[in-house]
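Structure record follows, encoded as structure tokens.
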Amino acid sequence: MTTPKPLEVFTLCGEVIKLGALVGQGGEGAVYDLAVHQNHVAKVYHKPLDQQRIDKIRAMANIKTDMLEKLTAWPSGLICAKDRKPIGLIMPKISGRKSIHQLYSPKSRRTDFQRVDWRFLARAAANTARAFAAVHDNACVIGDVNHGGILVAQDATVRLIDCDSFQVSYLGQQYLCEVGIETFTPPELQNRPFAGIVRTPNHDNFGLAVLTFLLLFMGRHPFAGRYSGPEDMPIPKAIEQYRFPYGMNAAAVGMSRPPSTPELSVVGPRLAGMFERAFSKQGTSAGRPLARDWIAALTEFEANLKQCSANSSHWSLGGSLCPWCKMEGSTGVPLFSTVLPAGGGTLFDIVNFQRQVDAVTHQGQAPTIAHKAVSASPEAEKLKGHATKAKLIAGIAAAVMVVIGIALGGQIWFFGGAVGLFLILKGALGKDKEAAEFRRLATEAAAQWDKAHATWLERAGAGAFEKQKAQIAALRQEWDSLPSKRTAKLSELERNQRKVQLDRYLDGFEIAHAKIEGVGQGKKQILESYGIETALDVEWNKLMNVPGFGPKTSHKVVSWRTGLERRFVFDPKKAIDPHDIAQIDQAILADRKRLQGALVTGLEHLKQIKIQVMAVREQTLADMERLRLAADQTAANAAVAST
């Protein structure tokens, strides 16, 4: 609905206010510049204001503080028509800012918020909490928390807009907020009509936790996940049933995170605990983290972030693996813009680096631990030949018995007795027990040596060094191929201009702003949590993997994309978009930085390997020689004792 622009409006005191250009128009009213007051604008409602709305705006003007005016578009007074009837309000003009959705969505961020990283997102989240705190400090409640009501500047400062929908308390009177969006509404208010509900700051604190999560987790909604049950689990229902797929109880409530999303632990225990509390039953009954709690925690969090060694646009908590390298590797979608330095290159001196690698000389193979020429011990020598002698004596005795047996008529038992006599004498005269002990010692020493030798070859050998040097060589080869890789990508860009133009065209249609039958805000939020943000991302197979998107709904989304494709017109004369070339350069630069980090780390690892190998050789060579000698000695003893 539109309303003709009034020629002039008036303050309550009758002062004439001249309206300037139309700034914007929404469902409630139109916003105009003020010809004289450049820092303020006028909102003129499409419909006449009722007394409740008039009183509310008056109350807000009386509550106004410097902090509220700094962090919000707080109404400063009513404006009237010529007949003195209120028709709108005056509020601070807010320009040069974009919706917080354009910041937390990776795709929009790369266009609308270049040069930002995780630190910036944490700062924007803390500033959002500051704005919430300012509202709560003045006994007001935002109520209708949503991404459309928060604007972010390029310096991460935040302003809240649509303040005339806030819940206001003034002089014992409450002016309610009777609207809301399900995906930012706490469990206790789900499925309830907003009319007549008195909101509390704890309700806002749920929405604040959702916004903070969206910022820190790359636009993924905290309640968009996979549900193992048979029915659909839309986001509002998951909120109502406390099914937080990133939480410690996710499995117990049948939820799991969307694929390729990081674990809750990437934000550290303090923030992870706050998210757990905000999205739990405890948060409903005992209170969720306050806006000021988030300010403190996010400020500490940002201070502890460290730059990724492989990708300078990535930051993560110190001591933990970079979650964004892993996420980008899984999805193939860059999360942050890579800033191109002047000249498009880096200061990394690859020639000097190679000299450093070559200076780490090969340490050679592990020294051989040679066999020792040893003689059997005196104890072993005493047993030398005992077995032979015992056999000889026992054999003679047995033979004599056989001869006697033949002389006595060939009694068979003599032959059996001869065998028994042989065994008895052999056992009695021999020293098999002592010889067996020598053999046992030799077996143990040999096993000990074999095990120690295998470890020696692994730790003192050249295998690890040669493997590391080969890895560095492979990285160097990849580094050298970057110019040809860029040339190949540019050639491909030229060959595929139609596809490039079509992709750019489709990428300009955001699902969040599209009208698709059967796909409301909740389903759009789920699509976003699965990395489907624009028409370009829409593919049948992708949609079929999104919870709640069966063939019927998926078909509608695909039809929406198909309809857009039909309207696309290819322009063969159109020059290659500089943004496409810049994207290639960004990708090449990201590869260059990744390789630079890997090369530097690889060289340090190579140096460490050599130091460790040489240390092992120095510290364990004597032990190895002792073990070798022990094995040789016990083997010699066993050999002599067993003869």
Side-chain angles (χ1 to χ4, degrees), residues 27-28 99-101 104 125 128-129 131-133 135-136 140-150 160-169 174-217 219-225 227 231-247 253 255 274-291 293-294 512 519-529 547-548:
E28 272 195 325
S99 159
I100 198 169
H101 173 268
Y104 66 64
T128 303
F132 273 59
V135 174
H136 294 169
C140 296
V141 178
I142 295 168
D144 182 19
V145 176
N146 69 85
H147 54 230
I150 301 163
L160 305 181
I161 61 173
D162 296 335
C163 301
D164 50 337
S165 72
F166 290 4
Q167 176 179 295
V168 176
S169 298
Q174 276 191 322
Y175 304 95
L176 303 181
C177 170
E178 301 190 330
V179 291
I181 291 182
E182 289 177 318
T183 51
F184 293 88
T185 298
E188 60 271 26
L189 298 187
Q190 291 286 337
N191 281 323
R192 291 181 59 187
F194 292 117
I197 290 180
V198 177
R199 309 285 186 98
T200 69
N202 198 41
H203 296 150
D204 277 359
N205 292 335
F206 178 85
L208 176 59
V210 172
L211 284 166
T212 304
F213 193 94
L214 286 165
L215 283 166
L216 297 185
F217 285 82
R220 274 39 178 172
H221 192 281
F223 285 89
Y227 176 55
E231 71 272 26
D232 284 347
M233 187 51 64
I235 289 176
K237 188 175 178 181
I239 292 174
E240 185 181 7
Q241 299 179 359
Y242 300 95
R243 297 183 189 275
F244 177 40
Y246 296 80
V253 294
M255 298 295 287
M274 291 173 69
F275 282 125
E276 292 274 12
R277 193 171 129 212
F279 301 140
S280 68
K281 291 181 181 178
Q282 180 198 2
T284 301
S285 56
R288 303 180 175 95
L290 307 175
D293 297 332
W294 287 109
V519 182
Q521 289 301 320
K523 285 188 179 295
K524 289 177 179 177
Q525 196 90 59
I526 290 179
L527 286 176
E528 195 166 280
S529 291

N/O donor-acceptor pair under 3.5 Å between Asp204 side chain and Ile142 backbone: yes
Gap between atom OG1 of Thr128 and atom CG of Leu215 - 0.5 Å precision: 6.0 Å
Rounded distance (nearest 0.5 Å) linking atom CG of Leu176 with atom CZ of Phe166: 14.5 Å
For Pro222 against Pro245, the heavy-atom pair lying closest together: O-CD, 2.9 Å
Shortest non-hydrogen separation from Cys140 to Ser169 and the atoms involved: SG-N, 4.4 Å
Phe184 and His147 aromatic ring geometry - parallel, tilted or perpendicular at 30°/60° bounds: perpendicular
Interatomic spacing from CD1 in Ile150 to CZ in Phe132 - rounded to 0.5 Å: 4.5 Å
Side-chain heavy atoms of Leu189 within contact of Phe206, under 4.5 Å: no
Closest non-hydrogen atom pair, Cys163 against Leu160: SG-O, 3.6 Å
Which residues share a side chain to side chain contact (heavy atoms under 4.5 Å, CB included) with Pro547, sequence neighbours left out: Arg226, Tyr530
Val179 to Phe194 - nearest heavy-atom pair and separation: C-CD1, 3.8 Å
Test item: Asn205 side-chain N/O and Leu290 main-chain N/O as donor-acceptor pair under 3.5 Å: no
Whether His101 and Tyr104 hold their rings parallel, tilted or perpendicular, with breakpoints at 30° and 60°: perpendicular
Aromatic ring pairing Phe275/Phe279, orientation class (parallel under 30°, perpendicular over 60°, tilted between): parallel
Test item: Glu182 side-chain N/O and Gln190 main-chain N/O as donor-acceptor pair under 3.5 Å: no
Side chain His221, main chain Thr183, donor-acceptor under 3.5 Å: yes
Distance, nearest 0.5 Å, that separates CD of Glu188 from CD1 of Ile239: 10.5 Å
Full working for side chain to side chain contact (heavy atoms under 4.5 Å, CB included) between Tyr242 and Thr284: CA-CA 10 Å; Tyr242 300 95; Thr284 301; 2.8 Å; yes
Approximate separation, where rounding is to 0.5 Å, of Arg199 CZ and Asp144 CG: 7.0 Å
Glu276 vs Phe244, side chain to side chain contact (heavy atoms under 4.5 Å, CB included): CA-CA, chis, key distance, verdict: CA-CA 8 Å; Glu276 292 274 12; Phe244 177 40; 4.2 Å; yes
Exam field: side chain Asp232 to backbone Pro234, donor-acceptor pair closer than 3.5 Å: no
Contact summary for Ala209 and Ala278, nearest pair of heavy atoms: CB-CB, 3.5 Å
Expected output: side-chain Arg277 to main-chain Gly283 donor-acceptor under 3.5 Å: no
Non-hydrogen atoms of Arg243 and Phe223 that approach each other most closely: O-CD2, 3.3 Å
Heavy-atom donor-acceptor pair, Lys523 side chain to Gly548 backbone, under 3.5 Å: yes
Any Gln521 side-chain heavy atom under 4.5 Å of Asn146 side chain: no
Interatomic distance, Leu208 atom CG to Arg288 atom CZ [nearest 0.5 angstrom]: 11.0 Å
Gln167 side chain to Val198 backbone, donor-acceptor under 3.5 Å: no
